Amino acid sequence: MNTVAHVAPRVTGTPSTDRVLVEWVEDIAALTEPDRIHWCSGSQEENDVLLQAMVDRGTLIALNPDLRPNSYLARSEPSDVARVEAATFICSEKPEGAGPTNNWRDPQEMRQTLTNVFAGAMRGRTMYVVPFSMGPVGGELSHLGVELTDSSYVVASMRIMTRMGSGALAQIEAGEPWVPAVHSVGYPLRGADGQEREDVAWPCNDTKYIVHFPDSREIWSYGSGYGGNALLGKKCFALRIASVIARDEGWLAEHMLLIEATNEAGKSYHIAAAFPSACGKTNLAMLQPSIPGWTVRTLGDDIAWIYPREGRLRALNPEAGFFGVAPGTGPETNPTAIAALERNVIFTNVALTDDGDVWWEGLTKEAPDHLIDWRGREWSPDSGRPAAHPNSRFTVRADQAPSIAPTWDDPEGVELDAILFGGRRATNVPLVTESRSWAHGVFLGATIASEQTAAAEGTVGQLRRDPFAMLPFCGYNMADYWGHWLDVGTQVGEGAPKVFSVNWFRRNSDGDFLWPGFGENARVIDWVLRRVDGDAGARNSSLGAHPRREDLDLAGLDLDPETFAELMTVDRKSWLMETDLIADFFAGFDRVPGTLLAELAQLRNRIERE
Ligand code: OXD
Ligand code: MN
């Protein structure tokens, strides 16, 4: 096969003055062979040009400006609709560095694989240089990255999800460290022989690699244009790589929402909460409390960076936007999100209405009579398939949420009063449990689980453990991560936030939820915060402390004593089984901290004595 000599790419935008950065960009360009290199400034004009080009190419559909101003719909390939955990790799030097919950690959072999797939991957395309800051630009706790990508959809999304552009670049030029992140959709427009092919609306590749080198703090992503696979500031950087940086520097990078709750007396508290994906994190982050006089304000809906400072833990949301799941978001479940989505949104894989607006399951009670579904096909309510993909998303700036806290982009973060760990448990796990100590709290986080299927059946054997909701996101050995949490608590001591487990999803024997959830979750938060202040009563079980009925503010809620009792029951036999399952789970790790094994033994002891 004849190969055509690569012509030097045309450069637009303002190249950096940073020699290391420029050399890296040149090296990646030499490997991937783009036709053009554009240095992104993050300006409005640049964004307008990119969006218009995507509309012209069919990658974006401009929505009706009267109904949804400055908003767009993208439809991905059906093969590229979610994070790909099986193709996500942690390439630490040794397999133990990644641990049993991650896919490990030898770093040298993976570098060779990446060199092969990235060779010529950007032919015919523009390679965008996207400098970004996770956390406010210049903030002491913020971290910088540069994503090289051949997807303008990724550029526009990174502009919403991160602080992207010249501000971040100036920090790099001032000598701050940064994480290199290379991304290609893997759909070059020209072969090595010079043969051209047409572009498609959503270029991607069936071969996918989402790769992290924790030792050198690098990210390489190939083959997908979607979400966490491609917007590399989010899961890849702010969780997987950041968790490694945090381990080395003595802080925590967590899959947690962050809120400020203010009670009727005007006293404010901050809470971080970890829930596995699809357990309503965005809804809780934007909670409208049912208790009169209470307000909840949002700082973040997905990620919190937590660090010790003067005997307390402080937390900050490193992101600048929400990449939320659309289905199930409606005026009743999350009116705040609905208000945030009025304008300036990039929607992906939702349905299109006849008047040029968007729709998804749960947006209205009744579906419209006619839609174009997420694959671009005609749809009516009797089509027998969802109109929006279950993982369809909205991408919107955080400060468009009416509930946004004024402190949300304070570079110092906020002081944490409580940490919640939650799973989706139909059985066994009470509505709320206060841990007995920091170590017990870490045990609760390490053993979070969700039932995978028909919750009413509730067979404990069907549990998926998702420790700290970090199973797919921890960049190193999960057992070492637990040890790191224990160390941070020891360092902070008395001033550490109190840790609770919550479960909004317990069901009765008919399969009905026992707790109404949503705005009523404020009643649990109220008890949690009164416990923090030492102002609320509780009873102890073998699991920890729980509210009695009289300890919760249940005014105006129709919750009979029997239902409450069922919600809080700790069943001895089931819990003995739970401890066996936890022991099995821990047995999958060869370096579980002794403190957690002791917590398990003590739990079993307490249950046996009950
Ligand atoms: C997310 C996830 O997209 O957790 O936030 O999967
Ligand atoms: Mn998440």
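Order of appearance sets the numbers: ligands from 1, and atoms from 1 within every ligand. Remember, it's a predicted structure, so these values are computed and weren't measured experimentally.
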Can you check whether E85's main-chain N or O pairs, donor with acceptor, with N103's side chain at less than 3.5 Å?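 Such a contact is found between N103 side chain and E85 backbone.
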
State, yes or no, whether a side-chain contact exists between Y476 and P214 at a heavy-atom distance under 4.5 Å.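 Answer no - side chains too far apart.
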
Using a cut-off of under 3.5 Å, which N/O atoms of ligand 1 pair up with protein N/O atoms, and what distance separates each pair?
from	atom 1	to	atom 2	distance (Å)
ligand 1	3 (O)	R393	NH1	3.1
ligand 1	3 (O)	R393	NH2	2.9
ligand 1	4 (O)	K235	NZ	3.1
ligand 1	4 (O)	H255	NE2	3.2
ligand 1	4 (O)	S277	OG	2.6
ligand 1	5 (O)	K235	NZ	2.9
ligand 1	5 (O)	D302	OD1	3.2
ligand 1	5 (O)	D302	OD2	3.4
ligand 1	6 (O)	R83	NE	3.1
ligand 1	6 (O)	R83	NH2	2.8
ligand 1	6 (O)	S277	OG	3.1

Could I get the full list of side chain to side chain donor-acceptor pair (under 3.5 Å) partners for Y153, not counting sequence neighbours?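 By the side chain to side chain donor-acceptor pair (under 3.5 Å) rule, Y153 matches T348.
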
Identify, with sequence neighbours excluded, every residue that meets side chain to side chain donor-acceptor pair (under 3.5 Å) alongside Q400.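 Side chain to side chain donor-acceptor pair (under 3.5 Å) check on Q400 returns N344.
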
Considering the options R465, R464, R425, which one meets the salt bridge (charged side-chain N to carboxylate O under 4.0 Å, His left out) requirement together with E451?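 Answer after filtering R465, R464, R425: R425.
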
Does the gap between the ring centers of W438 and W485 come in under 6.0 Å?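 Yes.
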
Neighbouring protein N, O or S atoms of the Mn ion (ligand 2) [cut-off: under 2.8 Å, no waters]: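 Metal shell, protein only: K235 NZ, H255 NE2, D302 OD1.
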
Pi-cation contact, F513 with R507 (under 6.0 Å, within 45°):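 The answer is yes; both the distance and angle limits are met.
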
Walk me through it: do D417 and R312 pass the test salt bridge (charged side-chain N to carboxylate O under 4.0 Å, His left out)? CA-CA 9 Å; D417 299 292; R312 299 279 286 162; 3.2 Å; yes

Classify the side-chain pair T149/H183 by whether it contains a donor and acceptor separated by less than 3.5 Å.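 A donor-acceptor contact under 3.5 Å links the two side chains.
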
